[in-house]
Protein chains: 2
Amino acid sequence: MIDPEPAGASEAGGRREEIVEIASRLFAERSYRGVGMRAIASAVGVQPASIYHHFSSKADILDAIIADVTERFIAAHLYLLDPKFVTASSMRQLVTEHVVYFWQHRIAEAVGLRELKELSVARAEHVRRSRRSYQDAWICAIQVGVSGGWLPAQNPRIAALALLSMINGVNAWYREAGPLSIAEVAEMHAEMAVTGVLGGCPEAPP
Amino acid sequence: MIDPEPAGASEAGGRREEIVEIASRLFAERSYRGVGMRAIASAVGVQPASIYHHFSSKADILDAIIADVTERFIAAHLYLLDPKFVTASSMRQLVTEHVVYFWQHRIAEAVGLRELKELSVARAEHVRRSRRSYQDAWICAIQVGVSGGWLPAQNPRIAALALLSMINGVNAWYREAGPLSIAEVAEMHAEMAVTGVLGGCPEAPP
DNA sequence: GACAGTGCCTAACGATCGTTCGTTAGCGTA
DNA sequence: TACGCTAACGAACGATCGTTAGGCACTGTC
């Protein structure tokens, strides 16, 4: 007996979610343009035409994948950078949660990063704005730390961009087979980012 | 009077170099699969079939673009990480030259990063091996610093990967229109990388 | 003056692309 | 029993893809 829905992909969700999940895996492996509707359909176990009962176009699938993975994280964590309350320790916490979240959503994040230009202009702009707000919040928070004297970073903007590059880069090399859990790697990055890149002492904040 | 070879692309080089240059720009903008031979040909000012007098296939153009941009840098700079002579200051120098070189070759580097999977398996493996050797040299050099007591990095491998992510990320956000030159940004990254991420003091080496 | 080589052309090949068509089987409700 | 809805089907659409065949004009060499 073979389970008609083998991969646990569509549990309680239905075809739409199954298509999103399978397509995002394929897009991440072979790129958006490298995967045709026929490939998606056959991976789902369906005829190509059937996909159009769930999505209006191929780009619509991409929209559903990228949708708001990143936005959700940002919206839920911007408070940690609030200029009124930010501390070196809240920064460390944010870096840790950032690394872990991005790893847990690595497939959608990879597609979102790689295929941003394939998105409809409006949606791409929305994603870019959201990322920009996160980046600006980091810059602002670092400026607060510099003004407050508990962060010696010499250029808040450059430091923020370097820090974000560093923690966004984790997905490119981390593998679960290694000796460290993603949580451990995240903690180490929090240390390297805040103590190292920004120069904040472990017992710093106001 | 209009210059028959307007963009200075083919000066003294001929069609082949012109095609590589134009194709790499297009691939960087719209991805390898997003750009057809017809688009390349019309950008060059030639018929699609004519390109096959200079390249045997589309993948061959990609090969020529990626070829050995990265390898050339690595081969020319590995000596700076030689375990017998590496110092905090040679590390700083390498970071600086890395950032500048990668920016100067940003188009080919972007294509090489994004389209590695489109390369023939043998060529892709060659590129990966080359990058791996660079990364391993960094890890080894950092270990030397840790053993020598002049680098407090707690995990050389993670530190190396974080450092490389940080400096490789520059191309993703740096724009020449801003107030800082790439050389200045490179210097700041050398400081953040060696003093910050690795924890080496400015007056450190043996 | 014949010849090979180079660089480019027009035209077309088969394959694959995203998408649309008309149809149908199954199910719940009136 | 009849209706409407959902989800799926096979088949095909026009467009575009990478690539090839064959030919034409020019150049330098014997």
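Just so it is clear: chains get the letters A, B, ... in the order the sequence lines come, proteins before strands, and each one is counted from 1.
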Task: Nearest-Å distance for atom pair NE2/P, residues A/His54 and C/dG18 - done: 18 Å
TODO: May I have the distance from B/Glu118 (atom CD) to D/dC17 (atom P), rounded to whole angstrom?
DONE: 15 Å
Task: Integer-rounded Å distance: C/dC17 P and A/Lys58 NZ - done: 8 Å
Task: Any A/Ser50 side-chain N or O less than 4.0 Å from OP1/OP2 of D/dC9 - done: yes
Task: Protein-nucleotide distance (B/Tyr52, atom OH; C/dC13, atom C1'), rounded to Å - done: 13 Å
Open item on the list: In this structure, how many angstroms lie between the P atom of D/dT6 and the CD1 atom of A/Ile51, rounded?
Closed with: 19 Å
Task: Salt-bridge criterion met for A/Glu109 and A/Arg106 (N-O under 4.0 Å) - done: no
Open item on the list: Within the structure provided, determine whether A/Tyr32 and B/Ser31 are in side-chain contact (heavy-atom separation under 4.5 Å).
Closed with: no
Task: Separation of C/dC8 P from B/Ile40 CD1 (nearest whole Å) - done: 15 Å
Open item on the list: Please pick, from C/dT19, D/dA21, D/dC9, the nucleotide with the shortest atom-to-atom distance to any side-chain atom of A/His53.
Closed with: D/dC9
Open item on the list: When you measure from the side-chain N and O atoms of A/Gln47 to the phosphate of D/dA8, is any distance below 4.0 Å, counting only OP1 and OP2?
Closed with: no
Open item on the list: As a test of reading the structure: which of C/dT19, D/dA21, D/dA8 is closest to the side chain of B/Ala49, going by heavy atoms?
Closed with: D/dA21
Task: Aromatic ring proximity A/His98/A/Tyr134, centre distance under 6.0 Å - done: yes
Task: Rounded distance (Å) that lies between atom C1' of D/dC17 and atom CZ of A/Arg33 - done: 12 Å
TODO: Please tell me if the side chains of A/Ile65 and A/Glu115 come closer than 4.5 Å, counting only heavy atoms from C-beta onward.
DONE: no
Open item on the list: Can you identify which nucleotide, out of D/dA7, D/dT19, C/dG7, has its nearest atom closest to the B/Arg38 side chain?
Closed with: D/dT19
Task: Contact summary for A/Met166 and B/Ala162, nearest pair of heavy atoms - done: CG-O, 3.4 Å
- [ ] Looking at every strand, decide which applies to A/Val35 at a 4.0 Å heavy-atom threshold: base, sugar-phosphate, or nothing.
- [x] sugar-phosphate
Open item on the list: Return whichever of B/Gly36 or A/Val46 has its heavy-atom-nearest nucleotide of DNA chain D closer to the 5' end.
Closed with: A/Val46
Task: Separation of atom CE in A/Met37 from atom P in D/dC9, rounded to whole Å - done: 13 Å
